[in-house]
Number of protein chains: 2
Amino acid sequence: MTSAECAEQKPYHHGDLRRVVIDTALDMLQEQKGWQFTLREIARRASVSHSAPYRHFPDKASLLHELALIGFDRLRDELLAALDPTLGAPIHLQALAYAHLAFGTRNPDLYRLMFNADAGEPSDIHLDPRTQAPFLLVIDVLERGQREGTIRRRSALGQATACWAHLHGLTMLAIDGRLVPEKVGDHAIEDALATLFDGLVLGESQPISRN
Amino acid sequence: MTSAECAEQKPYHHGDLRRVVIDTALDMLQEQKGWQFTLREIARRASVSHSAPYRHFPDKASLLHELALIGFDRLRDELLAALDPTLGAPIHLQALAYAHLAFGTRNPDLYRLMFNADAGEPSDIHLDPRTQAPFLLVIDVLERGQREGTIRRRSALGQATACWAHLHGLTMLAIDGRLVPEKVGDHAIEDALATLFDGLVLGESQPISRN
DNA sequence: TGGCAATGTAGACACTGACAACTTGATCTG
DNA sequence: CAGATCAAGTTGTCAGTGTCTACATTGCCA
């Protein structure tokens, strides 16, 4: 029985505008190319005056900041969902890799927003624990693999950075349509991941390739 | 004896405006954060009317496109300068890696612009031969290394994609200030590259670490 | 009951990208 | 050498944007 039920005449106060602004912005990120959506368009879609969103976000940059943090939450959730403790570390890493790629491919503009740290903020976003969660996940799996003897013994932090960079780069290239088959082959992603795992996994246990 | 010499009163026609627009835009990319410079600011700096640049670029996106292509030219030049045919493939790759990183670090916003393919164009930029040149360089070195027996035998295309992704990701993370030591260790870049080379280089010849 | 703080509205300002119409001047042709 | 032509630069204009200020509405608490 919320007040939003009598849709005949909308009440003066929206009641849940902050959430609606965020949801609308996320929708527009999915639709549009680039995150050059406008606050006024968001207000229009929410049937609210053009400056109402400013009651909830001091400026556009802070909305972008919030969206990026939500993106990291979602990425962490999707990586968590891909975890299966019964599997060994190498397969585990592969599942994480494909989950990461899938997330980026499904939310290209949100993904770009998360990592660009543009939008005016001095990229202090990367110090937020919410952005660190996915990284810590990878470190855990690597350390477990080193204890199991399936992962090459090196600084897990360095290996995690390597995974992070590799996956991030691959995702960006995929998002930007840079992995066109004529240039990079038909199995670019699998091949690139194979080289990453060549550097991580001990022994000849090649990661299973997707078909 | 150009007409630009009598600076007392500037002539009606600038004479070299296209180049000046590009150079000014490149300057602003270096100064500012983000490529949200304005065409009008460029015109102001060039002491030219606000719509003069439109005689040389149909819109802002096409200027960004041109800037990105110039960026790829410069990246190719810097990678070429790092090449030394007397060296073996592994060291060679390491030199390319550091050159790539240096380029991105020195021109962060230009680098981001090159890869974002945002700005409205449908990312057809990646089909331009000018953007392919750096990629082909890496393939050459990898194929040579495979013939020499210093590089693991795999699809060179896939390995090149792996290098490309790894380097791109690492550069982006570095540019975005994501590799803060508290999170990722003091030797994040060296460590991450070590894992890449673990996956590429045959035998125990570890790449020389920078100190 | 009254007032206050949160939330929404209306209006304004400077700025931007883009377009149209006009001006200038070099260059080419008869 | 006169004059057309056309690239290149100018002013003016328009819709749209982010952001600020002043005002309106309303739920809630003393």
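For the numbers below, each heavy atom of this structure counts, side chains included, while hydrogens, waters and symmetry mates do not. Chain letters run A, B, ... following the sequence lines, proteins first, then strands; residues in each count from 1.
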Exercise. Strictly by modelled atom types, are B:Arg144 and B:His92 linked by a side-chain donor-acceptor pair under 3.5 Å?
Worked result: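 The answer is yes; a qualifying pair exists.
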Exercise. Between A:Ser49 and C:dG8, does any side-chain N or O lie under 4.0 Å from OP1 or OP2?
Worked result: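 No, A:Ser49 has no side-chain N/O under 4.0 Å of OP1/OP2 on C:dG8.
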Exercise. Given D:dG9, is OP1 or OP2 found less than 4.0 Å from the side-chain N or O atoms of B:His56?
Worked result: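 Checking B:His56 against D:dG9: at least one side-chain N or O falls below 4.0 Å of OP1 or OP2.
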Problem set entry | Donor-acceptor under 3.5 Å (A:Gln146 side chain, A:Arg154 main chain) |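 It does hold such a pair.
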Problem set entry | CG on A:Leu167 to CG on A:Leu96, rounded to 0.5 Å |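 These two atoms lie 8.5 Å from each other.
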Nearest to the side chain of [X] - [options]?
X       : options               : answer
A:Val48 : D:dT17, C:dG8, D:dT11 : C:dG8
A:Ala52 : C:dT9, D:dT19, D:dT10 : C:dT9
A:Leu17 : C:dG8, D:dA8, D:dT13  : C:dG8

What integer distance in Å separates [X]:[atom1] from [N]:[atom2]?
X       : N      : atom1 : atom2 : value
A:Arg19 : C:dT7  : CZ    : P     : 14 Å
B:Leu63 : C:dA18 : CG    : C1'   : 15 Å
A:Leu64 : D:dG18 : CG    : C1'   : 12 Å
B:Ile42 : C:dG17 : CD1   : C1'   : 12 Å
B:Lys60 : C:dC19 : NZ    : C1'   : 17 Å
B:Glu41 : C:dT16 : CD    : P     : 7 Å
A:Gln36 : D:dT17 : CD    : P     : 12 Å
A:Phe57 : C:dG8  : CZ    : P     : 12 Å

For this session: For A:Arg44, answer base if it contacts any base atom (sugar-phosphate contacts may also be present), sugar-phosphate if it contacts only those atoms, and nothing otherwise; contact means non-hydrogen atoms under 4.0 Å.
Result: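 Result for A:Arg44 = sugar-phosphate.
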For this session: Just call it for B:His50: base, sugar-phosphate, or nothing, with non-hydrogen atoms closer than 4.0 Å on any strand.
Result: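 Touches a base.
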Is any side-chain N or O of [X] under 3.5 Å from a base N or O of [N], one able to act as donor and the other as acceptor?
X       : N      : answer
A:Arg40 : D:dG16 : no
B:Ser51 : C:dA18 : no
A:Arg18 : C:dT7  : no

For this session: With DNA chain C as reference, determine whether A:Arg55 or B:Tyr54 sits nearer its 5' end, using the nearest nucleotide of each.
Result: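 Taking each residue's closest nucleotide, the earlier one in sequence belongs to A:Arg55.
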Exercise. If you measure from the Lys or Arg side-chain nitrogens to the Asp or Glu carboxylate oxygens, is any gap between B:Glu31 and B:Arg45 under 4.0 Å?
Worked result: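 So B:Glu31 pairs with B:Arg45 through a salt bridge.
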Exercise. Is the distance between the ring centroids of B:His100 and B:Tyr111 less than 6.0 Å?
Worked result: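 Aromatic pair counts; centres sit under 6.0 Å.
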